[in-house]
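Notes to accompany the following structure.
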Amino acid sequence: MRTPSRPRRRLGALLTTLALVAAAALTACGDEAADARGDDAPLRIGYQRFGGLSLVKARGDAKNVTWSLFESGPALTEALKAGSIDIGQTGEAPPVFAAAGKIPFSVVGTSQPIPQGEAVLVKAGSPYRSFADLRGRTVALNKGSNVHWLLVKLLEANKMTLADINVKYLKPAEGRPAFDNGQVDAWIIWDPYFALAERPDVRVLADATGLAGNREYVLAAPEAVKNRTDDVRAFLDTYRRTTDWGIAHPTERAAVLAPELKIPLDVTTRALARSAKPLAPVTPEIGAELQAIADSFVDLKLVPGPVDIAGRVDGRFNEAFR
């Protein structure tokens with residue numbers, strides 16, 4: 001075996017030293033990043049278009065926070081997984097998919113049911129008069145969002161299975177043009193995208209009334225819950241007070257939110273009238289409701305099981321929602 005030459009040995013030693021220095025620098029950067037997330041760092045809030053958190057942001061009611069906008073709940077839970085937000089709000093299915101994916105979070109708040117805030121849309125001139133008429137047709141929805149649970153309940157109510165329709169998973173920005181251009185027969189969507197799509201040539205085939213609660217769920221990262229309990233509680237109290245203000249002042253609420261969301265005032269007003277509901281504390285009953293949703297998704301093999309979502313319900317902040 002050839003013995004490495006002295007220059008090569010020196011080069012190897014130099015590269016090893018540089019690697020150690022780089023590793024030390026990365027460790028130092030990591031330590032500095034950790035230090036930057038101290039008690040006085042801004043809470044990082046993930047929000048979606050139109051939800052109650054949008055109103056908090058638009059009014060500037062919360063101090064010492066930063067905001068990140070997400071198109072859907074699944075995208076928001078991925079941010080929780082990445083550790084880039086502390087608090088966020090989603091519909092009922094994203095927490096289940098996130099728990100199945102082993103993403104760490106706690107469910108710290110919810111809302112009253114909002115069944116009119118999601119619906120199945122079809123073209124007004126189409127022959128479909130009930131969801132059962134969509135057998136063999138193409139239905140678009142955002143995978144893992146609240147409307148995914150509505151789909152499950154619609155199939156169940158109409159004695160259908162996933163094999164009876166062609167499901168096309170599209171994000172809202174993809175679903176709208178696919179629906180408009182006739183590439184899908186129906187689109188299951190939530191507000192404000194629902195309200196934006198309402199036109200004379202569009203008909204609501206069904207909403208979630210009697211099928212799904214379509215509640216909002218407030219999720220929090222474990223580190224925030226544990227290490228910044230008071231900050232989280234203060235923010236949630238602000239969230240609840242702002243939500244209550246909006247419900248008591250619907251005209252002012254729409255005027256504040258329309259420019260924030262870049263949505264016409266009439267559309268914002270219509271969507272808020274059916275979809276803005278009071279926040280509520282989490283209870284064992286809420287945990288059981290979420291667990292039933294999770295069990296159904298597992299039974300349908302839409303997520304790997306088992307999924308313990310009831311165990312993630314944390315009522316320590318319930319006073320903020322009363």
Enumerate donor-acceptor pairs with a distance under 3.5 Å from any side-chain N or O in residues 62-75 to protein atoms, sequence neighbours excluded.
residue	atom	partner	partner atom	Å
Lys63	NZ	Gly60	O	2.9
Asn64	ND2	Asp40	O	3.3
Glu71	OE2	Ala173	N	2.9

inquiry  = Using salt bridge (charged side-chain N to carboxylate O under 4.0 Å, His left out), reason through Asp230 and Arg233 one step at a time and then give a plain yes or no.
reply    = CA-CA 5 Å; Asp230 291 343; Arg233 182 177 292 108; 3.3 Å; yes
Using a 4.5 Å cut-off on heavy atoms from C-beta on, say whether the side chain of [Y] contacts that of [X].
| X | Y | value |
| --- | --- | --- |
| Glu118 | Phe194 | no |
| Leu162 | Leu151 | yes |
| Tyr193 | Arg176 | no |
| Val202 | Arg199 | yes |
| Lys143 | Leu302 | no |
| Val139 | Asn166 | no |
| Asn158 | Arg135 | no |
| Asn142 | Leu170 | no |

If Ile, Leu, Val, Met, Phe, Trp and Tyr residues are connected whenever their side-chain heavy atoms lie under 4.5 Å apart, and connections chain through other members, are [X] and [Y] in the same group?
| X | Y | answer |
| --- | --- | --- |
| Leu80 | Val225 | no |
| Leu279 | Leu257 | no |
| Val267 | Ile114 | no |
| Val303 | Leu300 | yes |
| Ile189 | Trp149 | yes |

For the residue pair [X] and [Y], what are the closest heavy atoms and their distance?
| X | Y | answer |
| --- | --- | --- |
| Ala224 | Asp86 | CB-CB, 3.9 Å |
| Trp187 | Ala197 | CZ3-CB, 3.8 Å |
| Leu134 | Ala186 | CD1-CB, 3.7 Å |
| Leu76 | Gly88 | CD2-CA, 3.9 Å |
| Pro42 | Arg228 | O-NH1, 3.7 Å |
| Val184 | Ala140 | CG1-CB, 3.9 Å |

Inter-residue atom distance [X].[atom1] - [Y].[atom2], 0.5 Å rounding:
| X | Y | atom1 | atom2 | value |
| --- | --- | --- | --- | --- |
| Ile87 | Ile45 | CD1 | CD1 | 4.0 Å |
| Ile188 | Leu141 | CD1 | CG | 5.0 Å |
| Thr138 | Ile165 | OG1 | CD1 | 9.0 Å |
| Thr242 | Ile247 | OG1 | CD1 | 11.0 Å |
| Leu196 | Arg49 | CG | CZ | 6.5 Å |
| Arg215 | Ile293 | CZ | CD1 | 9.0 Å |

message = Could you go through Glu198 and Arg274, starting from their C-alpha distance and side-chain angles, then the distance that decides it, and tell me whether this counts as salt bridge (charged side-chain N to carboxylate O under 4.0 Å, His left out)?
response = CA-CA 14 Å; Glu198 288 182 287; Arg274 65 186 171 218; 2.9 Å; yes
Has the side chain of [X] got a donor or acceptor atom that lies under 3.5 Å from a matching backbone atom of [Y]?
| X | Y | value |
| --- | --- | --- |
| Asn318 | Pro281 | no |
| Asp207 | Thr209 | yes |
| Asp133 | Ser130 | yes |
| Gln48 | Gln89 | yes |
| Asp164 | Thr161 | yes |
| Arg270 | Ala195 | yes |

query = Any side-chain donor-acceptor pair under 3.5 Å between Asp61 and Thr238?
reply = no
task = Would you check if there is a donor-acceptor pair between the side chains of Asp185 and Tyr128 at a distance under 3.5 Å?
result = yes
note = Those residues at least two apart in sequence (or on a different chain) that pass ring-ring contact (aromatic ring centres under 6.0 Å, His included) with Phe131 are none
request  = Quick one: list whatever passes ring-ring contact (aromatic ring centres under 6.0 Å, His included) with Phe235, sequence neighbours left out.
outcome  = none
key: Aromatic ring proximity Phe50/Trp190, centre distance under 6.0 Å   = no
ask   = Restricting to pairs with a member in residues 277-286, which pass side-chain hydrogen bond (donor to acceptor under 3.5 Å, both in side chains), not counting sequence neighbours?
value = Thr283-Glu285
inquiry  = If you apply the rule side chain to side chain contact (heavy atoms under 4.5 Å, CB included), what do you find for Phe317 with Val282, and how did you get there?
reply    = CA-CA 9 Å; Phe317 301 105; Val282 289; over 6 Å; no
Please tabulate, for the side chains in residues 119-127, all donor-acceptor contacts under 3.5 angstrom to protein atoms that are two or more places apart in sequence or on a different chain.
residue	atom	partner	partner atom	Å
Lys123	NZ	Phe179	O	3.2
Lys123	NZ	Asp180	O	3.1
Ser126	OG	Lys123	O	2.8
Ser126	OG	Arg203	NH2	3.2

message = What I want to find out is whether Glu260 reaches Arg59 closely enough, with some N-O distance under 4.0 Å, to be called a salt bridge.
response = no
query = Under a 4.0 Å N-O cut-off, is there an ion pair linking Glu174 with Lys171?
reply = no
task = Evaluate salt bridge (charged side-chain N to carboxylate O under 4.0 Å, His left out) for Asp308 paired with Arg312, printing each intermediate quantity in order.
result = CA-CA 7 Å; Asp308 176 18; Arg312 292 172 180 257; over 6 Å; no
Let me check something: any side-chain donor-acceptor pairs from residues 96-113 under 3.5 Å, sequence neighbours excluded? List them with distances.
residue	atom	partner	partner atom	Å
Thr110	OG1	Glu216	O	2.9
Ser111	OG	Glu216	N	2.9

